[in-house]
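What follows is a set of notes on a single structure, which appears directly below.
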Amino acid sequence: MKIASWNVNSLNVRLPHLQQWLSQAAPDIVALQETKLEDERFPDDALAAAGWRSVFSGQKTYNGVAILSREAASDVQIGIPGFGDEQKRVIAATVGDLRIVNLYVVNGQDVGTEKYAYKLRWLDAVHDWLADELREHPNLVVLGDFNIAPDDRDVHDPEIWNDDHILTSTAERDALKRLYALGLHDGYRLHHDEGGVFSWWDYRQAGFRRDRGLRIDLTLVSDALRGACAGAGIDREPRTWERPSDHAPAWVELG
DNA sequence: ATGGTAGAGAGTCTA
């Protein structure tokens, strides 16, 4: 069972890349972020023709999340329960015996801004919700664009990406550690200790060519699934394609 | 990095 996450940065633009990658990587479940599509425009017919079921929650221009699966999803949850949020950043569903939570975590703009404060509030609400989800669904997978690089191995230059910078500030990393403390484990780190492997490279300054990236696309597996996590990786190849997303697909293998 | 590029969509906003 291969489960992947990919911030596609506009599904309208990236649908051909997604279709190409789905056919060559053959995942079973895929969490998408930044679809930037209202639900009426989601390409569920095109994906169904290739054998994919889709559940999605989107909006124009910004945000938007979806879960694709070979097997039908059930018990779909849109948004964080009890947390009023206009932004379409969260979708959860049950697929087989797995509960899948797909997150497009708030970026945060800059440390100290209102958007940064919103990011920390948002992560706090996610924490409390996931505590409930874990009680109800021990087989929990939480994945997506976390917009947090867990530690200095996950950034190309820790001098730049320090406590003053979004994606690496102590408060953000502490919020991620609080999720780990619920009994969630970074699937990639269960299998790889080395640094310098990234999932996002800025479009600017030739970030990808110079491999100036961050690992911010994560898959967390619950205690109950930890032993079943058989491998993890990041597919750099789609980032080399013409007109790519700025993110690469990240995946784990379960069972 | 008060910069840079990409996407959406029509002037900026977000990342």
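Note on naming: letters A, B, ... go to the chains in the order of the sequence lines (proteins, then strands), and numbering restarts at 1 for each one.
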>> Using side-chain hydrogen bond (donor to acceptor under 3.5 Å, both in side chains), reason through A:Asp246 and A:Trp201 one step at a time and then give a plain yes or no.
In response: CA-CA 6 Å; A:Asp246 46 351; A:Trp201 301 261; over 6 Å; no
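Residue contacts shown for A:Arg89 are limited to sugar-phosphate atoms, with no base heavy atom under 4.0 Å away. Within 4.0 Å of A:Tyr104, counting heavy atoms only, lie sugar-phosphate atoms of the nucleic acid but no base atom.
Nearest to the side chain of A:Asn12, among B:dG7, B:dA8, B:dA15, sits B:dA8. Here B:dA8 is the nucleotide among B:dA8, B:dT5, B:dA15 with the atom lying nearest to any side-chain atom of A:Ser10.
Between the CZ atom of A:Phe208 and the C1' atom of B:dA6 there is a distance of 16 Å, rounded to whole Å. Put simply, CG on A:Asp246 is 14 Å from P on B:dT5, counting in whole angstrom units. B:dA15 atom C1' lies 11 Å from atom CH2 of A:Trp161, rounded to whole Å. The distance from atom CZ of A:Arg243 to atom C1' of B:dG7 is 8 Å, rounded to the nearest whole Å. To the nearest angstrom, C1' of B:dG7 lies 12 Å from NE2 of A:His247. For the pair A:Asn9 CG and B:dT14 P, the computed distance is 15 Å after rounding to whole Å. Whole-Å rounding puts the A:Asn7 CG to B:dT14 P distance at 17 Å. Straight-line distance from the CH2 atom of A:Trp200 to the C1' atom of B:dG7: 15 Å, rounded to whole Å.
For the pair A:Phe56 and A:Ala66, the tightest heavy-atom approach, listed with the atom from each and the gap, is CB-CB, 3.8 Å.
Between A:Arg209 and B:dT5, a side-chain N or O to OP1/OP2 separation shorter than 4.0 Å is absent. The side chain of A:Arg204 contributes no N or O atom lying less than 4.0 Å from OP1 or OP2 of B:dA15.
Sequence order on DNA chain B of the closest nucleotides to A:Asn63 and A:Val13 puts A:Val13 first from the 5' end. Judged by closest nucleotide on DNA chain B, A:Gln205 is the one of A:Gln205 and A:Asp202 placed further toward the 5' end.
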Contacts under 3.5 angstrom, residues 36-53 of chain A side chains, donor-acceptor by atom type, not counting sequence neighbours:
unit_1  : atom_1 : unit_2  : atom_2 : d
A:Lys36 : NZ     : A:Asn9  : OD1    : 2.9
A:Asp39 : OD1    : A:Gly58 : N      : 2.8

Would you give me the side-chain donor-acceptor pairs under 3.5 Å for residues 139-146 of chain A, sequence neighbours excluded?
unit_1   : atom_1 : unit_2   : atom_2 : d
A:Asn139 : ND2    : A:Asp97  : O      : 3.3
A:Asp145 : OD1    : A:Asn147 : N      : 3.0
A:Asp145 : OD2    : A:Asn7   : ND2    : 3.0

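For the pair A:Lys88 (side chain) and A:Tyr62 (backbone), a donor-acceptor distance under 3.5 Å is absent.
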Check the interface with nucleotides 9-13 of chain B: list each N/O to N/O pair with the protein under 3.5 Å, or write none.
unit_1 : atom_1 : unit_2  : atom_2 : d
B:dC13 : O2     : A:Tyr62 : OH     : 3.3

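For the C1' atoms, the distance linking B:dG11 with B:dG7 amounts to 15 Å, nearest Å. Taking atom P in both B:dG9 and B:dG4, the straight-line distance is 24 Å, to the nearest Å. Rounded to a whole angstrom, the distance from the P atom of B:dT2 to that of B:dA8 is 26 Å.
Taking the centre of each ring, A:Trp21 and A:Trp6 come in below the 6.0 Å mark.
Connection of A:Phe198 to A:Leu220 is not established within any shared hydrophobic cluster, with ILVMFWY side chains joined at heavy-atom distances below 4.5 Å, either directly or through further cluster members.
For CD of A:Glu159, the number of neighbouring non-hydrogen atoms (other residues, nucleotides, ligands) closer than 6.0 Å is 12 at most.
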